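As the structure is a prediction and not an experimental result, all values here were calculated from the model. Basis for what follows: all heavy atoms, side chains included, without hydrogens, waters or symmetry-related copies.
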Amino acid sequence: MRIVALGDSTTAGTPNFLSPLEHPPDGQGDPTSQYAYWLMQSHPEWEVLNRGINGQRSDQIRARFECDVTDNNPRAVVILAGVNDVYQRYPLSHIQENLSAMYARAQELGIAVVAGTVIPYNVARAAENQEIHELNDWIRQLPIPVCDFHKAVQDVHDQDHLRQSPDGLHPTPQGYHRMAVALRPVLAEALHWR
C-alpha cells in the first residue's frame with residue numbers, strides 16, 4: 001500500500017534527516033526524524049514515500065504534485081503545507097487556494113487524502129501564531145479526513161510552542177513519532193473512504 005507524504009520540512013524530517021528529494025536516492029541522516037519512518041514501523045505493509053522539502057511554501061509544494069504524487073500512483077496522500085507561507089507573510093488566501101487545489105486534485109484522481117494541520121514553531125510572533133490558528137481552524141473544518149499534527153506536537157502548557165525541539169522550529173524524533181501516532185487512525189479512515 002503506497003502512501004505519499006507531501007510537504008515541507010516537517011514532512012522531510014528536518015533538522016536530523018534530509019528527504020530523498022533533498023539527498024537522492026534514499027535520504028540521509030537519522031531515519032527516526034520523519035513521520036514516514038514511524039508509519040512504516042507500525043504498518044510494514046505501508047510504503048510511505050517521503051516527499052518533503054525543507055523551506056517550501058504551499059505553491060512550491062503544489063507545483064510538485066504531479067511528479068511527486070500522481071506519478072507515484074499512491075492509494076493515499078498526506079498533505080502538510082503552509083507554515084513557510086506564514087513565515088514569509090503570504091496571505092491565508094494564498095495558502096488556502098493551494099491546499100484546496102491539491103486536495104481537489106487528489107480526489108479527482110481517486111487518491112485518498114489527509115489534510116494535516118500546521119505545527120507551531122517557538123520563534124513565531126503573535127501575528128504568525130494567530131495566522132497559524134486561523135489556518136488550522138480552516139483545515140479542521142474541511143469535509144475530508146484531517147490529522148491534527150499541531151495538537152500532536154504542541155507543548156502541553158503552551159500551544160504556540162513545540163513540546164520538544166532541537167532547533168525551536170521542528171520536532172524531535174519523539175515528536176515525529178507522535179505525528180505518526182496521530183496520523184495512523186486518520187489515514188486508515190481515509191483509505192476506507194476511498
Side-chain angles (χ1 to χ4, degrees), residues 5-19 22 30 32-36 38 50-65 77-104 113-183 185-186:
L6 182 69
D8 51 37
S9 58
T10 46
T11 296
T14 308
N16 297 321
F17 190 76
L18 295 173
S19 78
E22 298 167 324
D30 179 1
T32 68
S33 186
Q34 49 176 337
Y35 77 75
W38 294 108
N50 179 339
R51 295 298 181 260
I53 297 180
N54 184 23
Q56 285 203 328
R57 298 183 310 270
S58 60
D59 56 307
Q60 296 170 309
I61 294 166
R62 178 183 176 184
R64 297 191 282 113
F65 191 94
V77 60
V78 181
I79 300 172
L80 175 54
V83 72
N84 293 306
D85 307 63
V86 171
Y87 182 75
Q88 295 177 32
R89 301 185 182 179
Y90 280 73
L92 283 177
S93 58
H94 169 86
I95 308 169
Q96 292 166 340
E97 176 188 348
N98 289 310
L99 290 176
S100 295
M102 289 188 279
Y103 303 148
V113 60
V114 172
T117 60
V118 169
I119 73 168
Y121 59 98
N122 299 352
V123 297
R125 300 185 312 272
E128 293 168 331
N129 286 328
Q130 181 60 35
E131 286 213 352
I132 288 171
H133 290 302
E134 289 179 21
L135 174 60
N136 285 342
D137 287 344
W138 176 80
I139 291 171
R140 291 183 186 109
Q141 298 298 317
L142 292 168
I144 58 175
V146 173
C147 180
D148 200 340
F149 287 130
H150 189 285
K151 185 176 180 181
V153 299
Q154 72 185 27
D155 189 298
V156 292
H157 303 295
D158 182 352
Q159 65 175 343
D160 293 326
H161 282 77
L162 292 160
R163 185 181 307 185
Q164 300 166 304
S165 176
D167 60 3
L169 300 172
H170 304 96
T172 59
Q174 293 82 7
Y176 284 113
H177 180 253
R178 284 193 291 273
M179 290 174 69
V181 169
L183 180 55
V186 183

* Asked: Run the side-chain hydrogen bond (donor to acceptor under 3.5 Å, both in side chains) check on Q56 and R64 step by step: do they pass?
  -> CA-CA 11 Å; Q56 285 203 328; R64 297 191 282 113; 2.7 Å; yes
* Asked: Once you round to the nearest 0.5 Å, how far does CG of L162 lie from CD of Q154?
  -> 9.5 Å
* To do: Starting at CG of D30, measure out to CG of L18 and round the result to the nearest 0.5 Å.
  => 11.5 Å
* To do: I would like to know whether R62 and N98 meet side-chain hydrogen bond (donor to acceptor under 3.5 Å, both in side chains); could you show each step before the answer?
  => CA-CA 6 Å; R62 178 183 176 184; N98 289 310; 3.0 Å; yes
* Asked: In a check of side-chain contact (heavy atoms from CB on, under 4.5 Å) between T11 and each of I79, I53, V78, N50, which one passes?
  -> N50
* To do: For residues R163 and R178, determine if any side-chain heavy atom of one lies less than 4.5 Å from a side-chain heavy atom of the other.
  => yes
* Output yes when a side-chain donor or acceptor of W38 lies under 3.5 Å from a complementary backbone atom of T32, and no otherwise. => yes
* Between CD on residue Q159 and CG on residue N136, distance to nearest 0.5 Å -> 9.5 Å
* Asked: In Å and rounded to the nearest 0.5 Å, what is the CZ to CD distance from R125 to E131?
  -> 9.5 Å
* Of the non-hydrogen atoms in A81 and I61, which two are nearest, and what is the gap between them? -> CB-CD1, 3.6 Å
* Structure fact -> Minimal heavy-atom distance between P120 and H150, with the atoms involved, is CD-CD2, 3.3 Å
* Step by step, would you call V146 with T117 a side chain to side chain contact (heavy atoms under 4.5 Å, CB included)? -> CA-CA 7 Å; V146 173; T117 60; 4.2 Å; yes
* Identify the two heavy atoms, one from P171 and one from P166, that lie closest to each other, and give their separation to 0.1 Å. => O-CD, 3.6 Å
* **Any donor-acceptor pair under 3.5 Å from Q34 side chain to S19 backbone** => no
* Using a 4.5 Å cut-off on heavy atoms from C-beta on, say whether the side chain of H133 contacts that of D160. => yes
* Asked: Roughly how far apart are H161 NE2 and I119 CD1, rounded to 0.5 Å?
  -> 13.0 Å
* Asked: What class does the angle between the rings of Y103 and W138 fall in, given that below 30° is parallel, 30 to 60° is tilted and above 60° is perpendicular?
  -> parallel
* Could you please spell out the steps behind the side chain to side chain contact (heavy atoms under 4.5 Å, CB included) verdict for R51 and V77? => CA-CA 10 Å; R51 295 298 181 260; V77 60; over 6 Å; no
* Structure fact -> Heavy-atom nearest pair, S58 first then I95, reads OG-CA, 3.7 Å
* Asked: Do Y35 and F149 make the cut of ring centroids closer than 6.0 angstrom?
  -> yes
* Asked: Looking only at heavy atoms, what is the nearest atom pair of S165 and N122, with distance?
  -> CB-ND2, 4.3 Å
* H170 and S9: side-chain hydrogen bond (donor to acceptor under 3.5 Å, both in side chains), yes or no, with the steps? -> CA-CA 8 Å; H170 304 96; S9 58; 2.9 Å; yes
* Begin from the C-alpha positions of R57 and Q88 and carry the test side chain to side chain contact (heavy atoms under 4.5 Å, CB included) through to its verdict. => CA-CA 9 Å; R57 298 183 310 270; Q88 295 177 32; 3.2 Å; yes
* Asked: How close do L142 and A115 get, heavy atom to heavy atom, and via which atoms?
  -> CD1-CB, 3.9 Å
* Just wondering, do L169 and V123 contact through their side chains at under 4.5 Å, heavy atoms? -> yes
* Structure fact -> CD (E134) and CD (Q96) are apart, to the nearest 0.5 Å, by 9.0 Å
* Student check: side-chain heavy atoms of V114 and L183 closer than 4.5 Å -> yes
* Given the rule in the side chain to side chain contact (heavy atoms under 4.5 Å, CB included) test, do Y121 and E128 qualify, once you have shown the distances and angles that lead to the verdict? -> CA-CA 10 Å; Y121 59 98; E128 293 168 331; 3.1 Å; yes
* Does any N or O in the side chain of T14 come within less than 3.5 Å of the main-chain N or O of T10, such that one atom is a donor and the other an acceptor? -> no
